[in-house]
> 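Here's a structure for you.
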Amino acid sequence: MSHPSEAERARARQIVAILRRTYPDAKCSLNFTTPLELLVATILSAQCTDERVNATTEKLFQKYRTAADYASAPLEQLEQDLKSIVFYRNKAKNIQAMARILVQEHGGEVPQGMDDLLRLPGVARKTANVVQGNAFHHVEGVVVDTHVSRISRRLGLTKEDDPPKIERDLMALLDQPDWLDFSHMLIYHGRAVCKAPTPTCPGCVLLELCPTGQERTNVV
DNA sequence: ATCCCGAGGG
DNA sequence: CCCTCTGGAT
């Protein structure tokens, strides 16, 4: 899949066009006003709904305004402030370690480069792509979360299982200007229609272009 | 492959 | 009690 045919790229463009008509306002669902806020929110969003993250960060961002605030807080205090988020101990530890690197190596700011972002604890390609795309309007890759992985596989856009490999397939298949929106639209689609256990294929706007949907609706 | 480990809904 | 929500590090 690293060298998709022109037919495969054309099919991908059709999928993007339909998604754009269906989800014209798709965007990042995390609330943030600065790159630091988005970075913290995205770390918190692992295995957790954006709604729950937003409910937590509403208070969190009033208390922690700078990287130094996270860096200097007692870890137990930060843990308590993240208590309602799943994996809160890991996330508190990662956010504090991340903030200390921002203070010590980046003047308290969030770095824009992929390599610098990936060196931060709790940050892998998904989080780095979210921050680059939504805070810096700089798109180097495709955001591949569980929704993007699942739906890309169902649509036959990739056969891979490993998120970095899925990302490589999608980067080869999609036009770069579509990368960020593609993920946002699939995330909306995944929440509303193409759900993990039980996709509601009848009525899906992508049914005609989806091998999995064809299979499911023919059997049932 | 396993660990991390909360909240809301049925 | 069980399932759903939905990444990163070791």
> Nearest 0.5 Å, what's the CG-CD distance between A/N134 and A/Q132?
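One gets 10.5 Å once the value is rounded to the nearest 0.5 Å.
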> Let me know the distance between CD of A/E79 and C1' of B/dC4, rounded to the nearest Å.
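Distance, rounded to whole Å: 12 Å.
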> Could you check how far CD of A/E51 sits from C1' of B/dG6, rounded to whole Å?
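One finds 15 Å between C1' of B/dG6 and CD of A/E51, rounded.
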> Need one value for A/P163: base, sugar-phosphate or nothing, where a base atom within 4.0 Å counts as base even if backbone is also close, heavy atoms only.
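Here A/P163 touches no strand at all.
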> Within this structure, what is the NZ-to-C1' distance between A/K93 and B/dC4, rounded to whole angstrom?
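Taking atom C1' of B/dC4 as the reference, NZ of A/K93 is at 9 Å.
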> Using 4.0 Å as the upper bound for N to carboxylate O, is an ion pair formed by A/D181 and A/R20?
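Here A/R20 pairs with A/D181 in a salt bridge, since their nearest N and O are under 4.0 Å apart.
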> Given atom CD of A/Q47 and atom P of B/dA7, what is their separation to the nearest angstrom?
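Rounded to whole Å, this separation is 16 Å.
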> Does anyone know the first and last nucleotide of DNA chain C in reach of chain A, 5' to 3', at under 4.0 angstrom to a heavy atom?
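Range of nucleotides touched by chain A: C/dT4 to C/dA9.
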> Starting at the 5' end of DNA chain C and moving along, which residue's nearest nucleotide shows up first, A/H147 or A/P121?
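Upstream on the strand: A/H147.
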> Any side-chain heavy-atom pair from A/V53 and A/T42 closer than 4.5 angstrom?
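With C-beta onward as the side chain, the pair stays apart.
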> Would you check if A/E105 and A/D116 make a side-chain contact, meaning some heavy-atom pair closer than 4.5 Å?
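No, their side chains stay 4.5 Å or more apart.
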> Using a 6.0 Å cut-off, check whether atom CD of A/Q176 has over 12 heavy atoms from anything other than its own residue.
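Yes - once you tally the heavy atoms of other residues, nucleotides and ligands closer than 6.0 Å, there are more than 12.
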> Using atom P of each nucleotide, how far apart are C/dT4 and B/dC5 to the nearest Å?
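After rounding to an integer number of Å, I get 22 Å for this pair.
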> Starting at atom CZ of A/R52, determine the distance to atom C1' of B/dG6, rounded to an integer number of angstrom.
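In whole Å, B/dG6 C1' and A/R52 CZ are 7 Å from each other.
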> Classify the nucleic acid contact of A/N90 as base, sugar-phosphate or nothing, counting any heavy atom under 4.0 Å across all strands shown.
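Base: the residue A/N90, judged by heavy atoms under 4.0 Å, touches a nucleobase.
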> What's the NZ-C1' distance between A/K195 and B/dG9, to the nearest Å?
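A/K195 atom NZ is separated from B/dG9 atom C1' by 12 Å.
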> Centre of A/F61's six-membered ring, under 6.0 Å away, within 45 degrees of the axis: is that where NZ or CZ of A/R65 sits?
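Pair A/R65/A/F61 does not count as cation-pi.
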> Would you measure the distance from the C1' atom in C/dC5 across to the matching atom in B/dC4 and give it in whole Å?
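Each nucleotide's C1' atom is 16 Å from the other's.
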> Report the relative orientation of the aromatic rings in A/Y23 and A/Y188; use parallel for angles under 30°, tilted for 30 to 60°, perpendicular for over 60°.
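Correct class here is perpendicular.
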> Using a heavy-atom cut-off of under 4.0 Å over every strand shown, decide if A/K83 touches base, sugar-phosphate, or nothing.
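Sugar-phosphate, no base atom in range.
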